[in-house]
Asker: 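Just dropping this structure here.
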Amino acid sequence: MRDWIAVIVAVLGVLLVLAGAVLIVLQALGDRPPRPAPVASVADNPDTPLAEPVAAPVAAPGAEPITNRLFGAVKSPTPADRLIFWGIILLVLAAIAAGAISFDFGAKGGS
């Protein structure tokens, strides 16, 4: 019975990890925001008045410090990250149920 439980939990863990990976790939391949049409710069035609104020340049996504990105990922994980996290937990539980990981607690009295 213990082996059946280990196999079922391991299969579920693998499925969760794979589902999280598929979500990440689908998100990467999915809808991308359309690129804005190229606009002639003011330097090309200095007599053209600006219809909208010019926004400051936006920093690249990887420009912020690594600690901020890591804490942001931990604070608000995506659904794919949650699936992978729970899959890993199920895989560890399956390893414990199968006996691949064991804990030995003991106490020793005086000699």
Side-chain angles (χ1 to χ4, degrees):
M1 184 68 171
R2 183 174 169 178
D3 292 335
W4 283 97
I5 293 171
V7 168
I8 291 170
V9 173
V11 168
L12 288 175
V14 168
L15 288 176
L16 284 175
V17 171
L18 289 176
V22 167
L23 281 178
I24 291 172
V25 169
L26 287 178
Q27 184 180 8
L29 296 176
D31 295 340
R32 294 181 185 226
R35 287 186 167 183
V39 178
S41 66
V42 178
D44 293 341
N45 189 359
D47 296 332
T48 305
L50 293 175
E52 300 175 4
V54 178
V58 179
E64 60 184 305
I66 186 87
T67 54
N68 289 352
R69 286 187 282 160
L70 287 175
F71 285 132
V74 170
K75 276 197 300 191
S76 58
T78 64
D81 293 337
R82 284 189 217 118
L83 281 175
I84 292 171
F85 172 74
W86 286 110
I88 291 171
I89 288 178
L90 283 178
L91 288 172
V92 170
L93 289 176
I96 292 171
I101 299 174
S102 62
F103 299 100
D104 187 24
F105 297 107
K108 209 171 194 179
S111 46

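Heavy atoms only: backbone and side chains are in, while hydrogens, waters and symmetry mates are out. None of the values given here were measured: they were computed from a predicted structure.
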Asker: Could you list the residues that satisfy side-chain contact (heavy atoms from CB on, under 4.5 Å) with T67, not counting sequence neighbours?
Answerer: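 By the side-chain contact (heavy atoms from CB on, under 4.5 Å) rule, T67 matches P65, F71.
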
Asker: Taking only distance into account, with no hydrogens and no angle test, what donor-acceptor pairs under 3.5 Å do side-chain atoms of residues 77-84 form with protein atoms, sequence neighbours excluded?
Answerer:
from : atom 1 : to  : atom 2 : distance (Å)
T78  : OG1    : D81 : N      : 3.2
T78  : OG1    : D81 : OD2    : 3.1
R82  : NH2    : P77 : O      : 3.0

Asker: Taking side-chain contact (heavy atoms from CB on, under 4.5 Å) as the test, write out the residues that go with L18, two or more places apart.
Answerer: V14

Asker: Applying side-chain contact (heavy atoms from CB on, under 4.5 Å), name anything that partners V9, two or more places apart in sequence or on another chain.
Answerer: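 Expected list: I5, L90, L93, A94.
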
Asker: Listed by chain and number, what are the side-chain contact (heavy atoms from CB on, under 4.5 Å) partners of V11, not counting sequence neighbours?
Answerer: V7, L15

